[in-house]
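See structure below.
Naming convention: chains lettered A, B, ... in sequence-line order (proteins, then strands); numbering from 1 in each chain.
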Protein chains: 2
Amino acid sequence: MSIPQIGASGAAPLPYGLSREELVKNRRQSRPTLIPRGRVLFWEGEHQPQKIKIVEGVIRAVRLLENGNRQILAFYWPGDVVMPTRSSCQRITAEAVTNCRVQHSAVSGICQQDEPCGAHQILSETLALVVTMSQKKSVARIADFLLRIRNHLPEDPRRPFALLLLLPRADIADHLGMSLETVCRTLAEFKMKGLIDLPNRKTIRFVDLPGLLRIAGD
Amino acid sequence: MSIPQIGASGAAPLPYGLSREELVKNRRQSRPTLIPRGRVLFWEGEHQPQKIKIVEGVIRAVRLLENGNRQILAFYWPGDVVMPTRSSCQRITAEAVTNCRVQHSAVSGICQQDEPCGAHQILSETLALVVTMSQKKSVARIADFLLRIRNHLPEDPRRPFALLLLLPRADIADHLGMSLETVCRTLAEFKMKGLIDLPNRKTIRFVDLPGLLRIAGD
DNA sequence: ATTGGCCTAGACCGAACGCACTATTCGGAA
DNA sequence: TTCCGAATAGTGCGTTCGGTCTAGGCCAAT
C-alpha cells in the first residue's frame with residue numbers, strides 16, 4: 001500500500017529565498033509531531049501545502065460518503081511521504097489509524113518534475129485497488145493485502161517472528177470493499193489452513209508465504 | 001465518465017521557439033485524424049506528449065492484465081481532451097471503441113497549474129469507480145452508468161428520442177466490474193420495468209429517468 | 001466488576017457468476 | 001444484392017460467494 005519509490009527520501013531541500021522567520025518555522029515543523037489515533041491530518045478539498053513524512057504509525061487515505069460509509073484508498077507507513085496537491089484536486093481525507101509521529105516539511109512547488117504530487121501517489125494505489133476489486137475474490141484480495149502490508153508491520157516485541165497487525169478489521173474491510181465479517185472469516189480460514197497464525201487480535205505471524213502467494217495470485 | 005471541466009477548450013497556445021517545420025507539423029496534427037475501431041492510441045508506459053481532443057467516437061482508457069482480462073477505467077467522448085502524462089506515470093492504454101476522429105495538439109508542459117495532467121483526469125474517474133464498485137450493487141451501478149453516459153450519446157437518426165448506445169456490452173461489463181451476462185440481464189430487467197427501451201442492440205431510449213435515478217441512488 | 005469497543009462464529013439468503021445453448025447482427029465474399 | 005461465418009448478444013439454470021443478522025466472547029480502560 002505504500003509508495004516507497006516516490007519521495008521516500010529525507011526532508012526536502014530548502015527552497016531559496018525563505019525569510020529567517022520561514023526558516024525557523026520550517027525547522028520547527030521538521031520536528032516530529034504527535035498525532036493521536038483517529039485524528040484528521042487534512043480534509044478532502046482542504047489545501048495541504050506541505051508534505052508529511054510518517055515516522056511512526058499508520059495513516060489512512062479515506063473518502064467519506066454521504067451514507068456514512070467510507071472507502072479507504074490507501075495506507076501510509078513509516079518512511080512514506082504524503083505529498084500535497086492543489087486543494088481543488090485534494091480528493092481524500094487523511095486520518096491517523098494509530099497514534100503517529102509525523103514530520104511536516106515544505107515542498108518547492110506542487111507537482112514538480114522531480115516530485116510528483118499527491119495525485120500521482122494516490123492514483124497508483126487506486127488503480128491497483130480497482131483492478132483487485134474487480135478481478136479477485138475476497139480470499140485472494142485479503143491474501144494479497146496481507147503480503148503487501150507485511151514489510152511495513154513492526155515486530156511484536158513479546159513474540160518472536162510475529163508482527164503487530166496495526167489495522168483494525170473494519171479498516172481492512174473498508175479498504176478491500178468487503179464486510180468486516182468476511183475479513184474475520186477469511187483470516188480464520190487462513191489460520192485453520194496453516195497459512196498464518198493469529199496469537200491474538202493484534203498479532204499476526206506469517207507461516208506459509210508461498211501458500212499465501214498462491215492464493216493471492218487468484 | 002467524461003471530464004468536461006478539464007481542458008475541454010480548443011487547441012493549446014503554440015509554444016514559442018518552434019521551427020517552421022514543427023509549426024507545419026503542428027498545424028497538420030491539428031487536422032482531425034481518423035482512428036479505426038479497436039486501434040490503440042497509446043500504450044501504458046509509453047510517452048504521449050500531446051493532448052488528444054476527441055471530435056467524434058469513443059475512446060476507452062484501459063488497464064491490461066496478465067491473465068488477459070482488462071479493466072476499463074474511463075470512456076472519453078466527443079469534446080473531451082485526453083491529457084498527457086510523464087511516461088513513468090502513464091498507467092493506461094487508450095483504445096478506440098468505435099471509429100474516431102481526433103485532434104492531436106501540443107501542450108506547453110506536463111501538468112501545469114492551468115492544465116492538470118492526465119493523472120488528475122484519470123484519478124477523478126478511478127476514485128468514482130472504486131467507490132461505486134465497493135458500495136453499489138450491479139443494478140445500481142448500471143443505472144448510474146447509463147445516466148452518466150446519456151448526455152454523450154448521439155441521437156439515432158432513424159428513431160426519434162432514441163440514442164445510439166455506442167458501447168458493446170462487454171465494455172460496460174469490463175468497466176463496471178461485472179460479467180457480460182449480468183449487464184445483459186440487468187438491461188433486460190430495466191426494459192421490462194419500463195425504465196428504458198431497447199429497440200435494438202445499439203439503440204437505447206431513456207423512458208423513466210426518475211426511476212433510473214432512484215435505482216442508481218442505491 | 002462493569003462497560004464499551006472490537007472481534008468471532010453460525011445461520012440464512014439473495015446477488016452475481018459460469019456454463020451451455022440459442023438468437024441476432026455484422027461484415028466480407030461471391 | 002445474397003449468402004455465410006464470426007462476433008456479439010440474450011437467456012435459463014444451478015452453484016457459490018459474500019452480505020446481513022444475531023448472539024456471544026475477549027480485552028482494555030474506567
Rounded to the nearest angstrom, tell me the gap between atom [atom1] in [X] and atom [atom2] in [N].
X      : N      : atom1 : atom2 : answer
A/L165 : C/dC6  : CG    : P     : 14 Å
A/I142 : C/dT8  : CD1   : P     : 11 Å
B/M133 : D/dG18 : CE    : C1'   : 16 Å
A/I172 : C/dC6  : CD1   : C1'   : 13 Å
B/R185 : C/dG14 : CZ    : C1'   : 14 Å
A/R158 : D/dC27 : CZ    : P     : 12 Å
B/N69  : C/dC17 : CG    : C1'   : 13 Å
B/K191 : D/dT11 : NZ    : C1'   : 14 Å

Is a donor on one side and an acceptor on the other found under 3.5 Å between the side chain of [X] and the backbone of [Y]?
X      : Y     : result
B/Q121 : B/M83 : yes
B/R60  : B/E95 : no
A/T98  : A/V58 : yes

Residues B/K193 and B/E189 bridged, charged N to O under 4.0 Å: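 Salt bridge flag = yes for B/E189 with B/K193.
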
Between N or O atoms, less than 3.5 Å apart, protein on one side and nucleotides 6-10 of chain D on the other: list the pairs.
residue, atom, partner, partner atom, Å
D/dT8, O2, B/R201, NH1, 3.1
D/dA9, OP1, B/R169, N, 3.4
D/dA9, OP2, B/R169, N, 3.3
D/dA9, O4', B/R201, NE, 3.3
D/dA9, O4', B/R201, NH1, 3.0
D/dA9, O4', B/R201, NH2, 3.2
D/dG10, OP1, B/R169, NH2, 3.1
D/dG10, OP2, B/R169, NE, 2.7
D/dG10, OP2, B/R169, NH2, 3.3

With nearest nucleotides of DNA chain C determined for A/V183 and A/K137 from heavy-atom distances, which residue corresponds to the more 5′ nucleotide?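 Looking at the nearest nucleotide for each, A/V183 comes out on the 5' side.
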
Kindly compute the distance separating CD1 (B/I52) from CG (B/L41), expressed to the nearest 0.5 Å. 5.0 Å

Would you mind telling me which of D/dG19, C/dG18, D/dG18 lies closest to the side-chain atoms of A/M178?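 Closest nucleotide to the A/M178 side chain: D/dG19.
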
Relative to each other, are the rings of B/H175 and B/F75 parallel, tilted or perpendicular (30° and 60° limits)?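 B/H175 vs B/F75 ring planes: perpendicular.
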
Which word best sums up how the rings of B/H120 and A/H120 line up, parallel for under 30°, tilted for 30 to 60°, or perpendicular for over 60°? perpendicular

Report yes if at least one side-chain N or O of B/S179 is closer than 4.0 Å to OP1 or OP2 of C/dG18; otherwise report no. no

Short side-chain N/O contact to D/dG19 OP1/OP2 from A/T182, under 4.0 Å: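 Checking A/T182 against D/dG19: at least one side-chain N or O falls below 4.0 Å of OP1 or OP2.
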
